[in-house]
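Here's the structure, in structure tokens; my notes come after.
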Amino acid sequence: MNTFRHSMAALVCAACALAAKTLSLSDAENKAVATSFEMRAQHFEERTKEWEKRNAVAGYLPSVGYSFEYTQMDGHIVDAANEGFESFSGMEQIPALLGLLGTQHDFGDSLNQAFAEMALAGQADDAGAGDPFSASRLYATTFKHAVTVTQPITNGGAELIAIGIARDTKQAVEFRFEAVRQEVIYNTRKAYFDALAAAERTVVARQDVSWTKQNLANARVRQQSGAIPMTDLLQWEAEAARKESELLLAEATERFLLLSLYQAMGVQAGRADTTARLQPLETFEKWYTSRRDLAGGSAADNPQFKSIKAFTRAAGGYNRIAVSQFLPKLNTFWSYSWPYFVDENRSLEAREEQRGWTAGVTVNVPLFSGFRNSTNYRQSRYSHMKAQVEEQQVENRLEVNLKRIRLFHRAAYEGVGAARKQQELMEKNLDIMQKRYDGGLVNQSQLLEVSLGARMAKIGYIQKLFECLLYEAEYLKAVGKLEVTQ
């Protein structure tokens, strides 16, 4: 009955495997590059820096502003102010008084002449306009429209330097985007190899269960005939139970690592297809045999290093910004305004005498800023020097890492061949030991020991194979050449 149940389970698994969709390494990597969480987050950061660069360019363009001003004043204040202006209407009598004083003071004639001209001017205005104090008169309700245009000419070169900083920062983010893309490909490839290795270990565990149960069935027959003691039969039953437990653990590990692969691809856990089949091991064995040597490349091609170099250039830009704070600043402006007021009849009237434009140039020469400019320069200078040292550190670390990968890849490549040979020898040895055990020439412990060695040799070969392929992927990532599998 147990044999029948296991046979049916095997048939069901085989039917499910045939119906399941095959997920290739290329499909997994393409999916990860398009939808992984890291790539989506980096995409938005890249767009942020793009608009930051455009914002820096916009800071050098002219700015146009419109303003509207509405003022409401207390009527008592307005009346008191206007009465004060009107009280100066007797100023035309002041020159005569000063003329009397001028007989005793030398400066009387000049003052008299000045006020006389003022008085004549006031009379002329009065003749031409009904209210000589209209320009100074206050009203309870006033409105004012104004358009202002400002154009920065130079702020010590800060605008152009800011554009350069934004450009370097944007370039740094683009290089980092490429670094993240290659990191996503590598992580997906590693997750795929881990999931496939787990699937192969499940196959080995399932074969081990089948082999153990076959020996258990033979042990029952031989024990009944007296060929082996009862202890051997009990040992086979214990082995069968242990191998069943190991198979369940292997299946759980396979399922978990498949979910981890979907996580690397950016697929939500609820949408992961845990019935998907992966490519057969033979595909990657052919891949291994066709790629003995690593491609050329250097640490200077690493996108992460290029990103750090761009950030170092940006740090140098901040140092130049600090220098620009010592330089003069020159800017221009132009403004046009037209005010209105509400008169006593509640009518809206234009204040023509105040309508017009103003333009000018502002020059600001920094003389002393409480040492803020000098301290800021020192701070930015040392930050730039720190960035340069860190750039050198990263370059050296990448060079050391490349040497490490080359050395271990060579060892791993040779190790795969040795592991493959060991697996074949252990399988032959197990075959021989099985026949000798069936013939009563060796005991059960010797057979189980060889069986364990054969199983570990197969698992070791799978691990060595994927370790070698991962060294190749890591090397391509280190030299900035890792691409999606074709």
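- Nearest heavy-atom pair, A191 versus S260, reported as atom, atom and distance to 0.1 Å: CB-O, 4.4 Å.
- Atom NZ of K458 is separated from atom CG of D208 by 12.5 Å, given to the nearest 0.5 angstrom.
- Under the 4.5 Å side-chain criterion, counting only non-hydrogen atoms from C-beta, E183 is in contact with K477.
- Side chain of Y262 to backbone of D273: a donor-acceptor contact under 3.5 angstrom is found.
- Contact annotation: the side chain of D168 never approaches that of F311 to less than 4.5 Å [non-hydrogen atoms, C-beta and beyond].
- Comment: R206 engages E251 in a salt bridge, judged by a side-chain N to carboxylate O separation of less than 4.0 angstrom.
- The pair R201-E254 does not meet the salt-bridge criterion, since no charged nitrogen lies less than 4.0 angstrom from a carboxylate oxygen.
- Summarising the local packing, CZ of F44 is surrounded by 12 or fewer heavy atoms from other residues, nucleotides or ligands at distances under 6.0 Å.
- Under the 4.5 Å side-chain criterion, counting only non-hydrogen atoms from C-beta, L23 is not in contact with R277.
- Ring geometry, Y336 versus W338: the interplanar angle falls from 30° to 60°, so the pair is classed tilted.
- Residue K309 qualifies as open at atom NZ: its count of foreign heavy atoms under 6.0 Å is 12 or below.
- Between E246 atom CD and R242 atom CZ the span is 4.5 Å, to the nearest 0.5 Å.
- Counting only N and O atoms by type, the side chains of Y475 and H409 include no donor and acceptor under 3.5 Å apart.
- Enclosure of atom CZ in R255 is not indicated, since only 12 or fewer non-hydrogen atoms of other residues, nucleotides or ligands lie within 6.0 angstrom.
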Do R410 and Y471 pass the side chain to side chain contact (heavy atoms under 4.5 Å, CB included) test, and can you show the C-alpha distance, the side-chain angles, and the key distance before you say yes or no?
-> CA-CA 9 Å; R410 188 179 298 113; Y471 273 127; over 6 Å; no
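- When the shell of 6.0 Å around CD of E427 is examined, it contains more than 12 heavy atoms from other residues, nucleotides or ligands.
- Using a 4.0 Å cut-off between charged side-chain N and carboxylate O, R181 and E483 make a salt bridge.
- Across I462 and E200, no two heavy atoms sit closer than the pair CD1-CB, 3.3 Å.
- In this pair, F193 and F466 present their aromatic rings parallel. The plane angle is below 30°, not in the 30 to 60° band.
- No side-chain donor-acceptor contact under 3.5 Å links T312 and Q388.
- The shortest distance between side-chain heavy atoms of V173 and R176 falls below 4.5 Å.
- Between K386 and E390 there is a salt bridge, since a side-chain N of the basic residue sits under 4.0 Å from a carboxylate O of the acidic one.
- Atoms CG and OG1, from N331 and T362 in turn, are 4.5 Å apart once rounded to the nearest 0.5 Å.
- Between the N30 side chain and the S26 main chain, a donor and an acceptor come within less than 3.5 Å of each other.
- Considering every non-hydrogen atom in both G453 and M426, the closest pair reads C-CE, 3.4 Å.
- For the residue pair Y70 and Q72, a side-chain donor N or O sits within less than 3.5 Å of a side-chain acceptor on the partner.
- Listed for the N302 side chain is a donor-acceptor partner under 3.5 Å among the backbone atoms of A478.
- Under the 3.5 Å distance criterion, the side-chain polar atoms of T283 are left unmatched by any main-chain donor or acceptor of Q279.
- Side chain of R40 to backbone of T35: a donor-acceptor contact under 3.5 angstrom is found.
- For F143, the CZ atom is densely surrounded, since the number of other residues' heavy atoms within 6.0 Å is greater than 12.
- Shown here for F305 and E391, the closest heavy-atom pair between the two residues is CE1-O, 3.6 Å.
- L249 CG to E244 CD: the interatomic distance, rounded to the nearest 0.5 Å, is 13.0 Å.
- Contact of the T332 side chain with the T150 side chain is not registered, since no non-hydrogen atoms from C-beta on lie closer than 4.5 Å.
- Between R189 and the options L469, L482, D194, a side chain to side chain contact (heavy atoms under 4.5 Å, CB included) holds for only L482.
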Quick one: do F175 and Q304 satisfy side chain to side chain contact (heavy atoms under 4.5 Å, CB included)? Show the steps, please.
-> CA-CA 6 Å; F175 285 132; Q304 182 185 5; over 6 Å; no
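- No side-chain donor from either of E29 and T188 sits under 3.5 Å from a side-chain acceptor of the other.
- If you check the side chains of E467 and Y413, you find no donor sitting under 3.5 Å from an acceptor.
- For the atom pair OG1 (T485) and CG (L25), the distance works out to 4.0 Å, reported to the nearest 0.5 Å.
- Taking the side chain as every heavy atom from C-beta outward, N187 and V184 never approach each other to under 4.5 Å.
- Between the side chains of R313 and Q171, at least one donor-acceptor pair of N or O atoms lies under 3.5 Å.
- Formation of a donor-acceptor pair under 3.5 Å by the S335 side chain with backbone atoms of A146 is not found in this model.
- Atom CH2 of W211 is separated from atom CZ of R455 by 9.0 Å, given to the nearest 0.5 angstrom.
- One N or O on the side chain of T289 and one on the backbone of K286 form a donor-acceptor pair closer than 3.5 Å.
- With T202 contributing its side chain and A250 its backbone, the two residues share a donor-acceptor pair below 3.5 Å.
- Using a 4.5 Å heavy-atom threshold, the side chains of P303 and Q182 count as touching.
- Closest non-hydrogen pair, L465 versus L281, comes out as CD2-CD1, 3.7 Å.
- Taking 4.0 Å as the cut-off between side-chain N and carboxylate O, E424 and K428 do not count as a salt-bridged pair.
- For the residue pair S337 / R355, no side-chain donor-acceptor distance below 3.5 Å is found, with atom types taken as modelled.
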Yes or no on side chain to side chain contact (heavy atoms under 4.5 Å, CB included) for L398 and V394, after CA distance, side-chain angles and deciding distance?
-> CA-CA 6 Å; L398 290 173; V394 170; 3.9 Å; yes
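- Side-chain contact between T148 and V64 is absent, with no heavy atoms from C-beta onward closer than 4.5 Å.
- Scanning both residues, L257 and A198, for their nearest heavy atoms gives CD1-CB, 3.5 Å.
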Please walk me through it: do N401 and E474 pass side chain to side chain contact (heavy atoms under 4.5 Å, CB included)?
-> CA-CA 10 Å; N401 189 47; E474 186 181 5; 4.1 Å; yes
